[in-house]
Colleague: 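One structure, pasted below without further comment.
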Number of protein chains: 2
Amino acid sequence: MSSDRTRSAILAAAERLYADRGFGDVTLRDIVAEANVNLAAVNYHFGSKDELIAELFVTRSLATNRERLNELKAAEETGGGRAPIDAILHALVGPTLRGCLGPDREGSTAARFMIRASIESVPPIRRIKNREVDHLRKFIAAMRRAMPGRDDADLYWGLHFALAMAHHTIREKERLTKLSEGQCDLNDVDAIVDRVVSVSVTALTGGETPAKKAPVRPAVPHGRLTRQDL
Amino acid sequence: MSSDRTRSAILAAAERLYADRGFGDVTLRDIVAEANVNLAAVNYHFGSKDELIAELFVTRSLATNRERLNELKAAEETGGGRAPIDAILHALVGPTLRGCLGPDREGSTAARFMIRASIESVPPIRRIKNREVDHLRKFIAAMRRAMPGRDDADLYWGLHFALAMAHHTIREKERLTKLSEGQCDLNDVDAIVDRVVSVSVTALTGGETPAKKAPVRPAVPHGRLTRQDL
DNA sequence: TTGCAATTCAAACAGTTGTATGAAACTATC
DNA sequence: GATAGTTTCATACAACTGTTTGAATTGCAA
């Protein structure tokens with residue numbers, strides 16, 4: 001049935017190069033050189049460059065989603081069909097954060113690739129992410145069971161903010177390290193997961209839907225630029 | 001002094017096209033066609049394509065930062081040199097959210113451009129964003145004054161999460177609308193700002209950082225994909 | 001007007017990109 | 001070992017990219 005050697009070599013080389021140098025900087029010729037295969041092999045095995053990228057991302061993405069659902073299921077079985085809200089959110093953000101951060105993952109090509117995918121967001125990957133909605137709905141359903149009284153909109157916002165904190169931490173881990181001058185430990189993944197979950201839970205259980213005391217502030221018109229010092 | 005007409009036309013056309021179609025899809029030839037100027041004008045007036053993009057982003061970015069600092073200053077003056085934490089966070093995320101979301105901003109080219117810049121993150125823009133650290137430090141300083149007891153790391157995490165929620169809401173507003181089937185109102189910007197601030201404040205004032213145990217999971221190698229159903 | 005600099009313009013440049021082709025090499029089956 | 005199907009390979013293709021060039025044009029000052 002034909003050795004998958006070429007196919008696998010392309011996948012591995014592509015993931016490594018994309019992880020190291022980003023999508024914008026890596027051409028098919030770079031990939032086939034790294035993989036020691038012929039240029040035409042990519043189109044033969046994957047159809048197109050975009051399909052290669054899509055396959056790389058789908059593979060990693062499916063793995064994360066599988067982990068998420070496993071953790072969710074385990075929590076629900078423990079709780080007799082109803083998992084507590086913190087366990088649900090833990091199942092949601094844990095696999096993503098563990099997959100991309102952490103000292104053991106430093107050298108992991110898969111992790112670095114997923115960080116790139118999170119930062120650069122190239123078209124074939126964006127297309128796949130848009131299909132993630134169905135997967136997230138399962139977590140909304142679980143959250144609804146855990147907090148029957150809560151408004152649906154609050155649940156959506158809670159899930160949205162949990163993902164926001166997780167993904168933004170992955171995307172901006174470099175900047176946060178620099179900003180905090182090392183005081184935020186980006187290697188202690190478990191602590192980060194707990195922090196994200198904790199904030200998300202208090203966001204969901206805490207204060208009622210925001211009161212309407214929005215202060216008014218002046219609008220600032222555009223001026224003309226002279227200095228470039230952002 | 002030579003009319004700025006060509007220069008301005010290029011800026012306007014570029015911002016409009018980038019806002020509509022993204023950075024990856026727009027070439028210099030598209031821009032000069034839209035602006036009705038000669039192709040060489042871009043390099044003549046801006047030096048390079050990247051410098052054009054940088055100038056576009058810096059302009060909008062400076063405006064946002066100016067708004068932020070104005071709001072912060074106003075809050076500090078009201079509080080006699082010490083602004084309350086919610087006002088600080090409001091000054092941080094308010095201008096960004098108002099700049100990119102809201103019904104009045106629907107047709108705003110600047111808003112749509114900044115959303116694009118937030119999503120696609122092209123090299124010249126990334127370079128500028130990396131210089132944003134100094135600007136954020138001013139907010140950390142204000143937060144330190146507002147919460148003298150708090151650990152610095154907690155402050156960094158709080159600011160980081162506030163920005164996470166704001167930016168992720170901008171980046172994923174389409175998806176959140178779809179996921180929530182319209183139950184999350186992305187047009188009520190003030191409500192969104194209040195929600196983000198509220199969550200951030202409870203994150204900062206609320207519970208201590210917990211510690212827990214974490215399970216270990218296996219690395220997932222690449223296999224052959226048959227179904228593409230993420 | 002003359003002179004000079006700033007600006008515009010058409011055209012070409014030099015390089016890269018993803019993809020297609022058709023022949024060659026391989027592999028497994030009968 | 002001939003055959004049919006799969007996989008590899010060198011090469012070419014066609015299109016697009018940002019940038020440069022050098023001549024024309026414009027605008028302003030003396």
Side-chain angles (χ1 to χ4, degrees), chain A residues 1-18 20-58 116-117 120-128, chain B residues 1-18 20-57 116-117 120-128 222-226:
Chain A
M1 72 156 57
S2 88
S3 79
D4 273 343
R5 265 206 12 263
T6 302
R7 213 187 129 85
S8 308
I10 292 172
L11 283 170
E15 187 170 46
R16 184 168 45 232
L17 287 180
Y18 284 142
D20 286 344
R21 311 188 344 222
F23 294 100
D25 259 14
V26 176
T27 71
L28 287 189
R29 283 168 177 82
D30 294 331
I31 294 171
V32 299
E34 179 88 357
N36 278 312
V37 301
N38 188 270
L39 174 60
V42 172
N43 289 278
Y44 178 79
H45 284 283
F46 299 94
S48 71
K49 183 199 186 190
D50 276 12
E51 287 172 271
L52 166 62
I53 294 177
E55 172 143 352
L56 281 171
F57 183 72
V58 167
R116 280 286 179 193
E120 293 199 18
S121 182
V122 79
I125 289 181
R126 231 179 341 233
R127 250 172 271 139
I128 292 162
Chain B
M1 67 158 56
S2 85
S3 77
D4 273 344
R5 263 206 15 260
T6 302
R7 212 187 130 85
S8 309
I10 292 173
L11 284 170
E15 187 170 45
R16 185 168 43 231
L17 288 180
Y18 285 142
D20 286 343
R21 310 187 349 218
F23 294 100
D25 260 14
V26 176
T27 70
L28 288 188
R29 283 168 177 83
D30 294 332
I31 293 172
V32 299
E34 178 88 358
N36 279 311
V37 302
N38 188 269
L39 175 59
V42 173
N43 290 278
Y44 178 79
H45 284 283
F46 299 93
S48 70
K49 181 197 185 188
D50 277 11
E51 288 173 271
L52 165 61
I53 293 176
E55 170 141 354
L56 280 171
F57 184 71
R116 279 285 178 197
E120 292 198 18
S121 182
V122 80
I125 290 182
R126 227 172 351 226
R127 250 172 272 138
I128 293 163
H222 275 300
R224 178 181 280 268
L225 278 191
T226 50

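Remember, it's a predicted structure, so these values are computed and weren't measured experimentally. The sequence lines fix the lettering, A, B, ..., with proteins before strands; numbering per chain opens at 1.
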Colleague: Using a 4.0 Å cut-off on protein heavy atoms (strictly under), produce a 5'-to-3' string for nucleotides 16-21 of chain C with B for base contact, S for backbone-only sugar-phosphate contact, and - for none.
Modeller: -BBBBB
Colleague: Which pair of heavy atoms, one from A/Ala117 and one from A/Ile125, lies closest together, and at what distance?
Modeller: CB-CD1, 3.7 Å
Colleague: To the nearest 0.5 Å, how far apart are OH in A/Tyr18 and CG in A/Leu52?
Modeller: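 Reported value, rounded in 0.5 Å steps: 5.5 Å.
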Colleague: Return the CZ to CD distance between A/Arg126 and A/Glu120, rounded to the nearest 0.5 Å.
Modeller: 11.0 Å
Colleague: Roughly how many Å is it from CG in B/Asn36 to P in C/dT8, rounded to a whole number?
Modeller: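 So the two atoms are 13 Å apart, to the nearest Å.
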Colleague: For B/Thr27, does its backbone N or O pair with a side-chain atom of B/Asp30 as donor and acceptor, under 3.5 Å?
Modeller: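 Side chain of B/Asp30 to backbone of B/Thr27: a pair is present.
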Colleague: Rounding to an integer number of Å, can you tell me how far B/Ile10 CD1 sits from C/dT7 P?
Modeller: 12 Å
Colleague: Rounded to the nearest angstrom, tell me the gap between atom CZ in B/Phe46 and atom C1' in D/dT19.
Modeller: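 Result: 16 Å.
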Colleague: To the nearest Å, how far apart are A/Tyr44 OH and C/dA25 P?
Modeller: 17 Å
Colleague: Kindly compute the distance separating CD (B/Glu55) from NE2 (B/His45), expressed to the nearest 0.5 Å.
Modeller: 11.5 Å
Colleague: Would you say B/Thr6 places a side-chain N or O within less than 4.0 Å of OP1 or OP2 belonging to C/dT8?
Modeller: yes
Colleague: Please confirm whether the shortest side-chain N or O distance from A/His45 to OP1 or OP2 of D/dT8 is below 4.0 Å.
Modeller: yes
Colleague: Tell me: CZ of B/Arg5 to P of D/dT25, nearest whole Å?
Modeller: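 Value for this atom pair: 18 Å.
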Colleague: Taking side-chain contact (heavy atoms from CB on, under 4.5 Å) as the test, write out the residues that go with B/Glu51, two or more places apart.
Modeller: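 side-chain contact (heavy atoms from CB on, under 4.5 Å) check on B/Glu51 returns B/Ser48.
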